[in-house]
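The shown structure was predicted, so the numbers you read here are calculated from the model rather than taken from an experiment.
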Amino acid sequence: MNLLTLLCYYHITMKALKYLFPFLLFIGFLASCDTDIKYSSNPSDRLTFSVDTVRFDTVFTTIGSSTKLLKVYNKNKNALLIEQIKLEKFGTSGFRINVDGMSGHEFNNVEILAGDSLFIFVEVTVNPTLENNPVLIEDNILFKRSGAEQSVLLEAFGQDAYIFGKKIFENDTTLTGEKPFLLQDSLIVKHGVTLTIDENARFFFDRNAGFYIDGKVIAQGSINNPIVFRGSRNDNMVGEVSYDLVPGQWQGVFVDSLSFGNHFENVQIRNAHYGIQFKHSDESAKKAVLKNVVIHNHLSTGLQAVNCDIDIYNSQITNTGGASVLLVGGKYDFVHCTIGNYFNWDTRLSRALVIANKVGDDVFPLNNLRIVNSIIEGTQSDEIMYKIEDGIPSNFLFISNLIKSEEKSNSHFVNNIWNTKEKTFRSINEDNSRKYDFRLDSASVAINAADIQYSLDFPYDINGIPRLTDAAPDMGCHEFVDE
């Protein structure tokens with residue numbers, strides 16, 4: 001190696017050391033800091049938790065829950081060493097935890113620096129309870145340090161249920177309300193079969209599941225114990241918004257063309273893609289009777305029917321991305337119904353009520369549509385759409401309704417109230433809660449405005465409140481009660 005090479009090598013080496021030395025000192029400082037962490041031994045330096053109780057809504061037996069997050073904070077000036085984090089009843093309660101990415105039931109010497117936090121994820125699976133009503137399941141996450149102990153309560157309601165993949169009824173069957181039904185696939189009633197459903201029966205459908213009726217369904221609930229069809233998720237989507245308030249959680253109820261004689265009374269159908277859809281049928285036979293039925297919060301239509309004969313009494317059909325009620329041809333009788341569309345999960349694609357007598361090249365005479373003592377309201381300036389073509393029979397009549405639409409003065413409309421400015425319903429998504437109360441507000445012009453001669457056959461409203469004991473009955477399915 002010549003002298004020039006040696007000088008160059010020396011120059012480069014010394015220059016590198018000039019920058020390397022401070023870097024090495026910095027690394028040494030960090031290592032020193034890491035080994036010199038001073039943990040508080042003062043029992044008064046407490047952990048802080050995001051919640052004092054981690055709560056799960058109803059969890060079906062053998063079906064795991066969603067995941068809940070518990071945040072643990074150290075708001076003290078010194079680091080804390082948590083000597084033990086553990087589930088108090090591990091193996092018996094069904095709860096599971098994950099602490100900062102590590103699964104287990106007991107964790108030792110977990111450090112949390114001053115001003116820092118750690119995440120604990122909680123899940124639960126409930127063993128069969130052999131109980132028909134929800135059973136409270138509890139456990140505690142225990143935190144031990146410096147002789148002090150803190151805890152966070154874990155709480156879930158375990159519900160035993162009949163759990164089915166695809167359930168097909170090929171013989172006449174009665175389902176009771178003893179325990180709920182969880183459908184991971186669809187519920188199917190074969191042609192020629194009658195399915196009878198007793199009061200308090202609750203059906204929870206997974207996302208791709210639906211209720212398909214080729215035969216006949218007699219669903220007879222009661223006011224205090226209605227029959228419920230809804231999605232299977234019981235947890236919250238975000239914040240306090242429950243999945244039970246979110247549309248599109250399952251597929252809906254579909255009644256086949258050859259299904260007749262269906263009866264739905266004191267039934268709730270909510271949060272599906274479609275509420276109840278009656279396929280193209282024959283109006284010469286009664287398709288269905290709906291009484292005291294709530295069809296609420298669906299991504300597409302609420303009640304959809306083509307060329308059917310259906311009676312709808314004392315029922316609420318509300319909040320849909322498409323038409324709340326879509327009728328094409330057929331015979332329909334609505335008395336004391338509330339049709340309201342305040343859907344705001346996405347852009348609304350239709351008016352609340354759509355009536356038609358033709359679809360594409362297919363003609364369906366609208367032989368008899370009667371809507372009486374009802375309410376048709378919503379967020380659009382006109383909530384009725386007519387797709388009525390001349391030359392095709394169309395017989396429809398609106399009597400004594402509250403209607404949000406341009407006033408009509410022809411013979412199809414008798415004694416209706418149009419475009420009221422007063423508040424109609426008690427509560428419409430107040431504070432963006434996604435909750436709705438379609439009972440009448442005290443300022444509503446629908447109060448005492450119904451025609452009593454059509455109310456005599458329906459002396460009680462959807463909640464069993466008498467209609468005929470005050471000055472006059474009210475429009476819609478809810479009789480006003482001054483609370």
*Verify whether one side chain among Tyr162 and Glu178 offers a donor that lies under 3.5 Å from an acceptor in the other.*
yes
*Give a yes or no answer on whether the side chain of Asn357 reaches the backbone of Leu366 with a donor-acceptor pair at less than 3.5 Å.*
no
*Show your reasoning for whether side-chain hydrogen bond (donor to acceptor under 3.5 Å, both in side chains) applies to Ser405 and Asp382.*
CA-CA 4 Å; Ser405 180; Asp382 192 332; 2.8 Å; yes
*Parallel, tilted or perpendicular, as decided by the 30° and 60° cut-offs, for the rings of Phe90 and His105*: parallel
_Aromatic ring pairing Tyr274/Phe254, orientation class (parallel under 30°, perpendicular over 60°, tilted between)_ = perpendicular
*Side chain Ser257, main chain His280, donor-acceptor under 3.5 Å*: yes
_Looking at every non-hydrogen atom in both residues, tell me the closest pair between Pro180 and Asp160 and how far apart they are._
CD-O, 3.5 Å
*Arg467 and side-chain contact (heavy atoms from CB on, under 4.5 Å): which partner among Leu456, Asp461, Ile452?*
Asp461
*Parallel, tilted or perpendicular: which fits the ring planes of His296 and Phe438, with parallel below 30° and perpendicular above 60°?*
perpendicular
*On the 0 to 90° scale, with breaks at 30° and 60°, tag the Phe181-Phe164 ring pair as parallel, tilted or perpendicular.*
parallel
_Atom NZ of residue position Lys408 - does it have more than 12 heavy atoms of other residues, nucleotides or ligands inside 6.0 Å?_
yes
*Indicate yes or no for a side-chain donor-acceptor contact from Ser374 to the backbone of Cys337 under 3.5 Å, with no hydrogens or angles considered.*
yes
*Least distance between heavy atoms, Lys286 atom then Phe260 atom*: O-CB, 3.6 Å
*Which atom of Ser315 lies closest to which atom of Asn292, heavy atoms considered*: OG-N, 3.5 Å
*Answer yes or no: is there an ion pair linking Lys291 with Asp311, defined by an N-O contact shorter than 4.0 Å?*
no
*asked:* If you count heavy atoms of other groups shown closer than 6.0 angstrom to NZ of Lys423, is the number above 12?
replied: yes
*So, Gln159 side chain and Val135 main chain: donor-acceptor pair closer than 3.5 Å or not?*
no
*Side chains of Thr320 and His298: is there a donor and an acceptor less than 3.5 Å apart?*
no
*Would you tell me whether His478 and Gln316 have side-chain atoms, one donor and one acceptor, within less than 3.5 Å of each other?*
yes
_Aromatic ring proximity Tyr436/Tyr342, centre distance under 6.0 Å_ = no
*asked:* Under a 3.5 Å cutoff, is there a donor and acceptor pairing between the side chains of Ser433 and Asp431?
replied: no
*Just checking, any donor-acceptor pair under 3.5 angstrom between side chains of Asn266 and Ser222?*
no
*Does a donor on one side chain and an acceptor on the other come within less than 3.5 Å for Asn341 and Arg351?*
no
_In terms of relative ring orientation, are Phe458 and His336 parallel, tilted or perpendicular, with 30° and 60° separating the classes?_
perpendicular
*Check whether any side-chain N or O of Thr420 sits under 3.5 Å from a backbone N or O of Glu422 as a donor-acceptor pair, and report yes or no.*
yes
*asked:* Closer than 3.5 angstrom, by distance alone: can the side chain of Tyr313 be matched with the main-chain N or O of Val293 as a donor-acceptor pair?
replied: no
*Strictly by modelled atom types, are Asp451 and Asn373 linked by a side-chain donor-acceptor pair under 3.5 Å?*
no
_Holding to salt bridge (charged side-chain N to carboxylate O under 4.0 Å, His left out), I want the full list of residues that pass it with Asp470, two or more places apart in sequence or in another chain._
none
*asked:* Please give me the minimum heavy-atom distance between Ser232 and Phe204, naming the atom from each residue.
replied: CA-CB, 3.8 Å
*Considering all heavy atoms of both residues, which atom of Phe95 and which atom of Glu155 are nearest to each other, and what is their separation?*
CZ-N, 3.8 Å
*Does a side-chain N-to-carboxylate-O contact under 4.0 Å join Asp333 and Arg370?*
yes
*asked:* Salt bridge or not between Lys89 and Asp139? Use side-chain N to carboxylate O under 4.0 Å.
replied: no
_Neighbour count >12 (heavy atoms, 6.0 Å) for atom CZ, Phe169_ = yes
*Distance only, no hydrogens: is a donor on one side chain within 3.5 Å (strictly under) of an acceptor on the other, for Ser281 and Asn307?*
no
*asked:* Ignoring hydrogens and geometry beyond distance, is a side-chain donor-acceptor pair present between Thr67 and Glu123 at under 3.5 Å?
replied: yes
